[in-house]
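Everything below concerns the one structure shown next.
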There are 2 protein chains.
Amino acid sequence: MDTAERLIESAQQLLWERGYVGTSPKAIQELAGAGQGSMYHHFKGKPDLAATAMRRSAAELRAQADALLDEGDTALARVGTYLLRERDPLRGCRVGRMAMDPDVIASGTLREPVRDTFAWLRERLAGIVADGVASGELRPGIDPRDTAAALAAVVQGGYVLARAAGDREPFDQAVRGALGLLEAASTGHAAPAAPAGQDG
Amino acid sequence: MDTAERLIESAQQLLWERGYVGTSPKAIQELAGAGQGSMYHHFKGKPDLAATAMRRSAAELRAQADALLDEGDTALARVGTYLLRERDPLRGCRVGRMAMDPDVIASGTLREPVRDTFAWLRERLAGIVADGVASGELRPGIDPRDTAAALAAVVQGGYVLARAAGDREPFDQAVRGALGLLEAASTGHAAPAAPAGQDG
DNA sequence: GTCTATATGTAGATAGAC
DNA sequence: GTCTATCTACATATAGAC
């Protein structure tokens, strides 16, 4: 693995653990086993390297979520697969975490991958919920976009609760709670896997 | 207002805006209009002042939430009052934000007010949900603790979504989505305001 | 109680040798 | 491409005068 690659992966790790403000170029270099000169040769500076690392983390997260959200025959099953996926809640979300960083929010370039990731996730979840409503699996009164935002928020907020408690349990409770509510919003009629309208 | 007080309030504000790692003693002093000497006379150092500020923010938040969670005749109404309260989602939560800070999580003293605040909030919400179940307003299958964690998570996660988007709308969507699901879990029977068992 | 002086380390970056 | 030297500013704190 070349030096630029090691710098990016080190930056990804430190940004996840310590955020943008809490991550120094020096710390990235030490973790990557690279000198000052190397870093400033490959990247313009800390913001440039951080933006590169964040774009990569965002792409990885999205690919992972996209695959999970295809697994399952019903809307409830797909959402469940995503919410119950293996996680370490005490680490938090490597993308969502950046939204709390003042320097990231203040910079269009740094915020962009964070914004795009959650815009995509909410749309993706909304599509699944909409399919569930259209197929009769979920009650007609359920709003796909609102529900999708609530589900995405449960995950991000679950991280906050778990880290505050120093224990993963509140995260698991929040996920179970969300799925329980979603079940309450289901009609009890098993639905087809395909999007609405496809099976007559 | 005396100097110590100004230092605490300045610290509260900066911790909210920039987190613990992003807040320097110098910045606090300048905002408070106090010199180095004053700060180190009244407080042992940055962690001491920050802990004082965080305990105060936690107490304020808790008092505010406690009052709001009493307003309303049904569980749904009480939760609604809390979720729909006036907020600036782009600022985030002054307590929840600290849970993402590595130095806060690493220190027992700094994490304590954050942990206690959310432990209290989850219990408080769980009590309301339990009342709703006991009174027949909410379905018997709804788990009070899980649902409470989900509701608290929706708020905290809503902040993440709003800040990521640079727009409050995702927060509002998440809140509406959560209330929509909670309505789906309600039986449609209006319930008494008092805790279960009190009205025969 | 508040001020100024001082101290050590780090943040973030540039310059130029190799 | 990588290294070392160097730079300005800030982080965090202590010492001691007033």
Side-chain angles (χ1 to χ4, degrees), chain A residues 1-56 97-98 100-111, chain B residues 1-56 97-98 100-111:
Chain A
M1 191 169 44
D2 67 11
T3 302
E5 190 62 24
R6 289 203 315 278
L7 283 165
I8 294 171
E9 293 183 12
S10 299
Q12 283 184 280
Q13 181 182 330
L14 289 172
L15 288 172
W16 192 352
E17 290 169 5
R18 302 197 45 84
Y20 182 82
V21 189
T23 298
S24 69
K26 187 180 178 183
I28 298 172
Q29 292 152 202
E30 282 174 358
L31 185 60
Q36 301 254 51
S38 288
M39 185 189 126
Y40 285 99
H41 170 75
H42 291 287
F43 302 94
K44 292 191 194 67
K46 173 178 167 176
D48 183 34
L49 173 51
T52 303
M54 284 170 60
R55 281 192 287 266
R56 180 169 306 183
R97 156 185 239 313
M98 309 313 291
M100 284 302 127
D101 198 298
D103 290 7
V104 169
I105 294 305
S107 154
T109 307
L110 290 173
R111 185 163 64 80
Chain B
M1 192 168 48
D2 66 12
T3 302
E5 190 62 23
R6 289 203 316 278
L7 283 165
I8 294 171
E9 293 184 12
S10 299
Q12 284 183 280
Q13 181 182 330
L14 289 171
L15 288 172
W16 193 351
E17 290 169 4
R18 302 197 45 85
Y20 182 81
V21 271
T23 298
S24 69
K26 188 181 178 184
I28 298 172
Q29 292 152 202
E30 281 174 359
L31 185 60
Q36 301 252 55
S38 289
M39 183 189 129
Y40 285 100
H41 171 74
H42 292 288
F43 302 95
K44 291 191 195 68
K46 172 178 168 176
D48 183 33
L49 172 52
T52 304
M54 285 171 59
R55 280 191 288 267
R56 179 168 308 181
R97 158 183 237 314
M98 308 314 291
M100 284 302 128
D101 197 299
D103 291 7
V104 170
I105 294 306
S107 153
T109 306
L110 290 174
R111 185 163 63 81

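Chain naming here is simple, since letters A, B, ... match the order of the sequence lines and numbering starts at 1 in each.
Phe43(A) has its CZ atom 11 Å from the P atom of dT2(D), to the nearest Å. In this structure, the CG atom of Asp48(A) is 16 Å from the C1' atom of dT14(C), given to the nearest Å. Whole-Å rounding puts the His42(A) NE2 to dC3(D) C1' distance at 13 Å. Note: CG (Leu49(A)) to P (dA13(C)) measures 11 Å, nearest angstrom. One atom, CG of Asp2(A), and another, C1' of dT2(D), lie 13 Å apart when rounded to the nearest Å. Atom CD of Gln29(B) and atom P of dC3(C) are 10 Å apart (whole Å). Between Leu14(B) atom CG and dA11(D) atom P there is a gap of 11 Å when expressed in whole angstrom units. Atom CG of Asp103(A) and atom P of dG12(C) are 9 Å apart (whole Å).
Contact annotation: the side chain of Gln29(B) approaches that of Pro25(B) to within less than 4.5 Å [non-hydrogen atoms, C-beta and beyond].
Neither side chain, Glu9(B) nor Gln13(B), offers a donor N or O lying under 3.5 Å from an acceptor on the other.
Using a 4.0 Å cut-off, no side-chain N or O of His41(A) falls inside it from OP1 or OP2 of dC3(D). Within the structure, every side-chain polar atom (N or O) of Ser38(A) is placed at least 4.0 Å from both OP1 and OP2 of dG1(D). An OP1 or OP2 oxygen of dT2(D) is reached within less than 4.0 angstrom by a side-chain nitrogen or oxygen of Thr3(A).
Distances from the side chain of Gln36(B) to the nucleotides dT12(D), dG1(D), dA13(C) place dT12(D) closest. Distance from the side chain of Ser24(A) is smallest for dA11(C) among the nucleotides dT2(D), dA13(D), dA11(C). Distance from the side chain of Tyr40(A) is smallest for dA13(C) among the nucleotides dA13(C), dG1(D), dT14(D).
For the pair Arg56(A) and Glu5(A), the salt-bridge criterion is met [side-chain N within less than 4.0 Å of a carboxylate O]. Using a cutoff of 4.0 Å between basic side-chain nitrogens and carboxylate oxygens, Asp101(A) and Arg18(B) are not scored as salt-bridged.
Side-chain atoms of Lys46(A) come within 3.5 Å of backbone atoms of Tyr20(A) as a donor-acceptor pair (strictly under, hydrogens ignored).
Nearest-nucleotide positions on DNA chain C place Lys26(A) closer to the 5' end than the other of Lys26(A) and Gly37(A).
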